[in-house]
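Beneath this line is the structure, given in structure tokens, with notes to follow.
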Amino acid sequence: MSYKLQFAELLPYWNVLLYGLVFTIVLTIVSTVAGVAVGTAGAAARTFGPTWLGRIVAVYVELIRNTPFIVQLFFIFFGLPALGLKLSETTAAFLAMVINLGAYSTEIIRAGIEAVPKGHIEAGLSLAMTKWEVLRHIVLNQAFRKIYPALSSQIIIVMLGSAVVSQISAEDLTYAANYIASRNFRNFEVYLFVALAYLVLAMLTRSALRALGRVIFKAR
Amino acid sequence: MSLVSIRDVRKSFGQNEVLKGVSLDIAKGDVVAIIGRSGSGKSTLLRCINGLETYQSGSIVADGIEVGGATTNLRELRRHVGMVFQQFNLFPHLTAAENVMLAPTVVNKVSKAEARAIAAEVLAKVGLSEKMDAYPSELSGGQQQRVAIARSLAMRPKVLLCDEITSALDPELVNEVLRVVEQLAREGMTLILVTHEMRFARDVGTKLVFMHHGKVHEEGVPKEVFAAPRTPELQQFVGQVG
């Protein structure tokens with residue numbers, strides 16, 4: 001068996017690859033920021049909010065955690081137009097990512113909130129703070145400190161999982177790979193290259209998140 | 001008029017009635033020591049006074065505010081009724097000064113600079129001026145509890161509730177906390193303490209309350225009560241712990 005690697009055949013498509021890479025990075029950053037915001041709100045609602053709101057959030061979390069991401073994506077992109085909601089593939093990709101990470105991070109952040117000693121909450125209340133002030137100034141900081149590693153892992157899982165958005169023709173890194181392979185038929189080189197690109201991206205993300213964590217939680 | 005007035009308060013956790021009609025009057029400047037066995041309802045009573053626990057019947061009025069009603073303004077109540085806990089409960093992500101500054105800035109909307117001045121003042125009062133920028137993890141238990149006291153004082157409370165504040169401390173650290181409390185008592189602060197420090201209750205307290213089975217079993221001037229307990233339960237209790 002002999003196969004001659006010819007990475008030079010990728011060169012003419014450098015702009016396609018670059019576009020895909022940037023798309024994946026932007027998709028990850030935006031869905032991380034928005035997803036963690038959704039997760040924080042969801043976790044706050046489940047722990048500090050009224051019961052009815054907590055129930056709604058619980059249903060959302062279970063719906064997302066117990067269905068495949070690709071089905072969620074297809075539902076948003078192919079299903080919702082039936083209700084008159086037609087989204088571009090890019091918008092659908094971003095939306096699906098945020099909804100997905102939002103659900104997982106709700107559970108992760110909730111675990112962090114529940115790990116904060118009840119006494120700290122009572123101390124805050126006894127200082128005449130409202131429960132929302134307690135949540136904001138006392139609970140969330142401690143909660144994020146505790147769950148930051150778990151949340152970082154989830155962000156990387158979501159970043160790698162974002163490859164699925166190529167299935168609705170959102171032009172991410174995997175879409176670029178499919179595009180190139182269908183033209184130059186160099187499947188081996190294309191997917192090897194893209195796999196390495198994801199590997200590097202994941203490792204860089206991990207380091208970036210670790211560095212960010214050191215800055216945010218500098219004290220102690 | 002009493003600063004804190006407790007009338008026939010009853011409180012149950014499920015089937016278990018822990019307060020069975022407690023009445024107590026506390027005047028301004030009183031130092032009330034509440035003693036009794038564990039499970040006698042001491043801590044629960046204290047937690048009812050600042051609304052951390054609700055109760056089923058009776059009434060509590062603290063500084064003119066009716067506690068426990070659906071419309072109770074808990075924020076207003078707690079601005080005047082501070083609390084210090086057994087487990088200190090300092091916020092670990094904030095320095096000693098930041099722990100003290102949090103409530104004045106968030107609740108009273110005081111400026112950072114002003115809050116820092118308040119922190120300097122109250123931390124000096126508990127003898128921790130040099131620890132303003134230390135994190136709780138860098139402080140001993142006794143120092144942490146003194147920061148917790150300072151944190152309450154920063155809100156200028158009219159009453160300070162102390163829930164077994166020396167029970168989690170190593171024996172050699174108990175006195176530094178008690179000295180701070182004694183100082184507050186001398187300055188006229190109204191204090192309600194749940195405590196196991198009998199000597200402190202006798203020497204610093206102006207009023208002793210012995211709780212037994214969810215009721216005030218005996219109360220009076222500490223020195224007199226300790227010298228001649230009237231009920232057999234208190235005699236036995238003093239005999240055991242004294």
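Note that this is a predicted model, so its numbers are computed, not measured.
- For B:Leu102, the part sitting under 4.5 Å from any heavy atom of chain A is the side chain, from C-beta outward, and nothing else.
- Using a 4.5 Å cut-off between heavy atoms, B:Arg47 contacts chain A through its side chain alone, with no backbone atom that close.
- With a 4.5 Å cut-off on non-hydrogen atoms, B:Leu90 touches chain A through its backbone but not through its side chain.
- No more than 12 heavy atoms of other residues, nucleotides or ligands lie within 6.0 Å of NZ in B:Lys112, so this atom counts as exposed by the packing criterion.
- Using a 4.5 Å heavy-atom cutoff, the side chains of B:Phe88 and B:Pro136 are not in contact.
- The part of A:Glu133 that comes within reach of chain B is its side chain, from C-beta onward, which places non-hydrogen atoms under 4.5 angstrom from that chain.
- Only the backbone of B:Val81 has a heavy atom closer than 4.5 Å to any heavy atom of chain A.
- Residue A:Thr24 holds its OG1 atom at 4.0 Å from CG of A:Asp172, rounded to the nearest 0.5 Å.
- Looking at B:Glu182 and B:Phe200, their side chains come closer than 4.5 Å, going by heavy atoms from C-beta outward.
- A:Leu127 places none of its side-chain heavy atoms less than 4.5 Å from the side chain of B:Val107.
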